[in-house]
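Encoded as structure tokens, the structure appears first; notes follow it.
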Amino acid sequence: MGKSEGHGQNWHGHVTCLSVAPEFRRIRLAARLMAELEDVSEKKRAFFVDLFVRVSNSVAINMYKLLGYSVYRTVLGYYSGDPDENAYDMRKALSRDIEKLSIIPLAHPVRPEDVD
């Protein structure tokens, strides 16, 4: 589901993939899995947790917002297809990021090659 990555103040937990089968939706399973990754990230002294989500996936975006995530930046053409689709890089600051610097939104979109 996730991993820890980055260096310095960019040390963070990252949601690699989260998918819940239809018959197990709406019972807060995704929320529990996210909470577990956040707890592990706290123990590893991460500054934040991030994830990428298609800008068209309003159901997931709304769920992540309810869990305390906010849009940090837009990544142009992150998902390949016909046509390519942009992604939101959503983040949630953890306790180590006292001033919440990791979630201050960027003013301009970035390209996939600029994502670290």
Side-chain angles (χ1 to χ4, degrees):
M1 178 184 150
K3 60 183 177 178
S4 298
E5 62 184 5
H7 298 77
Q9 290 185 330
N10 196 36
W11 176 245
H12 66 281
H14 176 73
V15 178
T16 305
C17 181
L18 177 61
S19 181
V20 176
E23 62 269 24
F24 295 104
R25 292 181 185 161
R26 306 195 69 73
I27 59 171
R28 301 203 42 87
L29 181 58
R32 292 196 307 261
L33 290 168
M34 291 297 294
E36 184 65 27
L37 181 63
E38 291 164 15
D39 288 345
V40 169
S41 297
E42 284 280 7
K43 290 175 183 166
K44 291 187 170 286
R45 304 280 298 138
F47 285 88
F48 61 93
V49 173
D50 80 343
L51 58 94
F52 295 93
V53 61
R54 291 177 183 272
V55 297
S56 64
N57 192 345
S58 59
V59 172
I61 292 165
N62 289 333
M63 180 196 70
Y64 291 127
K65 285 182 177 179
L66 287 172
L67 296 176
Y69 289 77
S70 59
V71 175
Y72 171 67
R73 61 187 169 183
T74 300
V75 184
L76 301 173
Y78 183 79
Y79 293 102
S80 60
D82 188 21
D84 290 349
E85 187 172 354
N86 298 343
Y88 287 140
D89 177 355
M90 298 186 75
R91 292 183 175 190
K92 181 176 183 177
L94 298 178
S95 63
R96 187 171 181 195
D97 185 6
I98 297 166
E99 296 179 26
K100 310 290 186 225
L101 298 176
S102 65
I103 61 170
I104 297 172
L106 295 185
H108 301 287
V110 299
R111 300 206 168 273
E113 58 268 20
D114 299 323
V115 174
D116 53 350

Shortest non-hydrogen contact between [X] and [Y], atoms and distance:
X     : Y      : value
Leu94 : Ser41  : CD1-CB, 3.6 Å
Gly77 : Pro112 : O-CG, 3.9 Å
Leu51 : Met34  : CD2-CE, 3.9 Å

Checking [X] side chain against [Y] main chain: does a donor-acceptor pair fall under 3.5 Å?
X     : Y      : result
Asp84 : Gly81  : yes
Arg91 : Ser102 : yes
Asp89 : Phe52  : no
Lys92 : Leu67  : yes
Arg96 : Arg45  : yes
Glu42 : Ser95  : yes

Are [Y] and [X] connected in a single hydrophobic cluster, I mean Ile/Leu/Val/Met/Phe/Trp/Tyr linked by side-chain heavy atoms less than 4.5 Å apart?
X     : Y     : value
Val20 : Tyr69 : yes
Val75 : Tyr79 : yes
Leu33 : Ile27 : yes
Val15 : Tyr78 : no

Nearest-0.5 Å distance, [atom1] of residue [X] to [atom2] of residue [Y]:
X      : Y      : atom1 : atom2 : result
Ile103 : Tyr72  : CD1   : OH    : 11.0 Å
Thr16  : Glu5   : OG1   : CD    : 7.5 Å
Leu37  : Met1   : CG    : CE    : 4.5 Å
Met63  : Arg28  : CE    : CZ    : 9.5 Å
Lys43  : Glu38  : NZ    : CD    : 12.5 Å
His108 : Asp114 : NE2   : CG    : 13.0 Å

### Task
For the pair Phe48 and His12, name the ring-plane relationship: parallel under 30°, tilted 30 to 60°, perpendicular over 60°.
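If you compare the ring of Phe48 with that of His12, the planes turn out parallel.
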### Message
Determine whether Tyr88 and Ile61 satisfy the following criterion, side-chain contact (heavy atoms from CB on, under 4.5 Å), listing intermediate values before the conclusion.
### Response
CA-CA 9 Å; Tyr88 287 140; Ile61 292 165; 3.6 Å; yes
Tell me whether [X] at atom [atom1] has more than 12 heavy atoms from other residues, nucleotides or ligands lying less than 6.0 Å away.
X      : atom1 : value
Ile98  : CD1   : no
Glu23  : CD    : yes
Lys44  : NZ    : no
Arg111 : CZ    : no
Arg25  : CZ    : yes

### Leu18 vs Tyr64, side-chain contact (heavy atoms from CB on, under 4.5 Å): CA-CA, chis, key distance, verdict
CA-CA 11 Å; Leu18 177 61; Tyr64 291 127; 3.8 Å; yes
### Worked check of side-chain contact (heavy atoms from CB on, under 4.5 Å) between Arg73 and Val115
CA-CA 10 Å; Arg73 61 187 169 183; Val115 174; 3.5 Å; yes
